[in-house]
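Have a look at the structure below before the remarks.
Side chains included, hydrogens not; waters and symmetry mates left out as well; all remaining heavy atoms used. The model shown is predicted, which means the values in this text are computed figures rather than measured ones. By convention in this document, chain letters (A, B, ...) are assigned in the order of the sequence lines, proteins followed by strands, and residues within each chain are numbered from 1.
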Number of protein chains: 2
Amino acid sequence: MTMEEGTLNSPSRCELTEEEYEAFQWDTREDCEVRQILDRVADKWSLLVIALLDLNTLRFTELKYKIDGISQRMLTTTLRHLERDGLVSRTVYPVVPPRVDYALTPLGMTLHKTIQSLVTWTEDHRSEIAVARDQYDKRVNA
Amino acid sequence: MTMEEGTLNSPSRCELTEEEYEAFQWDTREDCEVRQILDRVADKWSLLVIALLDLNTLRFTELKYKIDGISQRMLTTTLRHLERDGLVSRTVYPVVPPRVDYALTPLGMTLHKTIQSLVTWTEDHRSEIAVARDQYDKRVNA
DNA sequence: CAGTATCCAGGACGATACTG
DNA sequence: CAGTATCGTCCTGGATACTG
């Protein structure tokens, strides 16, 4: 297993020999590129915006309406970030009143499967998590 | 397609007829269970802790050492949250000096594939993202 | 409609000191 | 070693008001 450069992309433990395992080290440096991108993608609002835009192109107000609890400011910020990263495209129509459409770029679309997997996991295990929380709280308050 | 209750788990657009698509609506309510869990799992530090523990059991200090930039306080907080959600187990050995091992629970282990998919995506596309950022910055500064 | 600008509160977070 | 406790800061993010 070559490891020219540190990486967050790790094999599962069982795929490694004892030696390989010992040698393996993640790159968790705060300034590393992967962590910066992860922070962006794994962001609370980004996740929701991407998932919604994967369903279809939406206007600013439509997004704001569909995402409960997001403020105008945070929606703007989130969209700018995603646009900067090339995940979302912004199309302005020169009409009055203004119309701006947001859509996923091809790059953004490649995230669908990944995000879906995260959401699916959450839905599949939410009851287990609820149980775990109850037990934990009981243990602590006892 | 039945939709007894709103859900974040959405099909891809192409899988829907026009009608189904119109009827489809996510549950993005702020207080919905799925969003709460997502916020936990998609958290910056949680992601790193889970991925590291997936490689092997670690002690408190080992985790702190391996995760660049995390403070003692945040590590403790993150671990407590993950423990509460039943993703991480905490084992205390009654020795001096104390020894506490953290490991993924079976539930936590089921997250491996998902998180891995996220990290892999990030690594696969980081150059594209870097290019997009450069272009965006140039456009804005022009 | 689709933002930008400004202000401000609250929580996240780091630093530090202390303990079983 | 593995925390807890406390304090102070910074920054996220909400509320509000204004504009092309």
Side-chain angles (χ1 to χ4, degrees), chain A residues 28-31 35-36 38-49 52-53 56-85 88-103 136 139-141, chain B residues 28-31 35-36 38-49 52-53 56-85 88-103 136 139-141:
Chain A
T28 57
R29 277 170 303 174
E30 200 149 18
D31 59 352
R35 255 185 67 178
Q36 281 175 22
L38 265 185
D39 285 351
R40 170 67 28 80
V41 170
D43 170 74
K44 165 186 184 172
W45 299 124
S46 298
L47 220 56
L48 294 173
V49 168
L52 278 171
L53 289 183
N56 72 333
T57 295
L58 291 173
R59 303 175 62 172
F60 187 86
T61 318
E62 291 171 335
L63 277 168
K64 181 153 168 33
Y65 172 76
K66 280 173 187 285
I67 304 179
D68 180 52
I70 196 171
S71 67
Q72 209 172 35
R73 209 175 81 89
M74 287 318 295
L75 181 53
T76 303
T77 307
T78 303
L79 287 170
R80 291 294 173 277
H81 282 160
L82 292 175
E83 194 194 348
R84 176 165 185 262
D85 285 354
V88 160
S89 68
R90 179 172 178 273
T91 312
V92 183
Y93 298 96
V95 295
V96 180
R99 176 192 182 94
V100 180
D101 280 359
Y102 290 95
Y136 182 90
R139 226 183 318 145
V140 170
N141 295 331
Chain B
T28 57
R29 278 170 303 174
E30 198 150 20
D31 59 352
R35 257 186 64 178
Q36 280 175 23
L38 265 185
D39 285 353
R40 171 65 29 79
V41 169
D43 169 74
K44 164 187 183 172
W45 298 123
S46 297
L47 219 57
L48 293 172
V49 168
L52 279 170
L53 290 183
N56 72 332
T57 296
L58 290 172
R59 304 176 62 173
F60 186 86
T61 318
E62 292 171 334
L63 277 168
K64 180 152 169 35
Y65 172 77
K66 281 175 187 283
I67 304 179
D68 180 52
I70 196 169
S71 68
Q72 206 172 38
R73 211 176 81 90
M74 286 319 296
L75 181 54
T76 302
T77 306
T78 302
L79 286 170
R80 290 296 172 275
H81 283 160
L82 292 175
E83 192 194 351
R84 177 165 183 261
D85 286 354
V88 160
S89 69
R90 178 172 179 273
T91 313
V92 182
Y93 298 97
V95 295
V96 180
R99 176 192 182 96
V100 180
D101 280 359
Y102 291 95
Y136 182 90
R139 226 184 317 144
V140 170
N141 294 330

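Across all strands, Y102(B) comes closer than 4.0 Å only to sugar-phosphate atoms, never to a base (heavy-atom distances).
As rounded to whole Å, 14 Å separates atom P of dT16(C) from atom CZ of R73(B). For the pair R59(A) CZ and dC1(C) C1', the interatomic distance rounds to 7 Å; values are reported in whole Å. To the nearest angstrom, P of dG14(D) lies 9 Å from NZ of K64(A). To the nearest angstrom, P of dA12(C) lies 19 Å from CD of Q72(B). Atom CG in L63(B) sits roughly 14 Å away from atom P in dC1(D) (whole-Å rounding). At whole-Å resolution of the value, CE in M74(B) and C1' in dT4(D) are 15 Å apart. Summarising the geometry, the separation between CG on L75(B) and C1' on dA12(C) is reported as 15 Å, rounded to the nearest angstrom. As a whole-Å value, the separation of I70(B) CD1 from dG14(C) P is 7 Å.
Remark: dT19(D) base-pairs with dA2(C). Criterion, Watson-Crick or G-U wobble with two distances under 3.5 Å.
When side chains are defined from C-beta on, D101(B) counts as touching Y93(B), because their heavy atoms get closer than 4.5 Å. Counting heavy atoms from C-beta on, the side chains of Y102(B) and E62(B) never come closer than 4.5 Å. Residues H81(A) and D85(A) fail the side-chain proximity criterion, which asks for heavy atoms closer than 4.5 Å. Contact of the I70(A) side chain with the L63(A) side chain is not registered, since no non-hydrogen atoms from C-beta on lie closer than 4.5 Å.
Of the two residues near DNA chain D, S71(A) and P98(A), the one whose nearest nucleotide lies more 5' is S71(A).
To the nearest 0.5 Å, atom CH2 of residue W45(B) and atom CD1 of residue I67(B) are 7.0 Å apart.
Within the 4.0 Å cut-off from OP1 or OP2 of dG3(C), not a single side-chain nitrogen or oxygen of T76(A) is found.
In the set dC1(D), dC1(C), dA2(D), the nucleotide with an atom closest to the side chain of P97(A) is dC1(C). Among dG3(C), dA17(C), dC1(C), the nucleotide with an atom closest to any side-chain atom of R90(A) is dG3(C).
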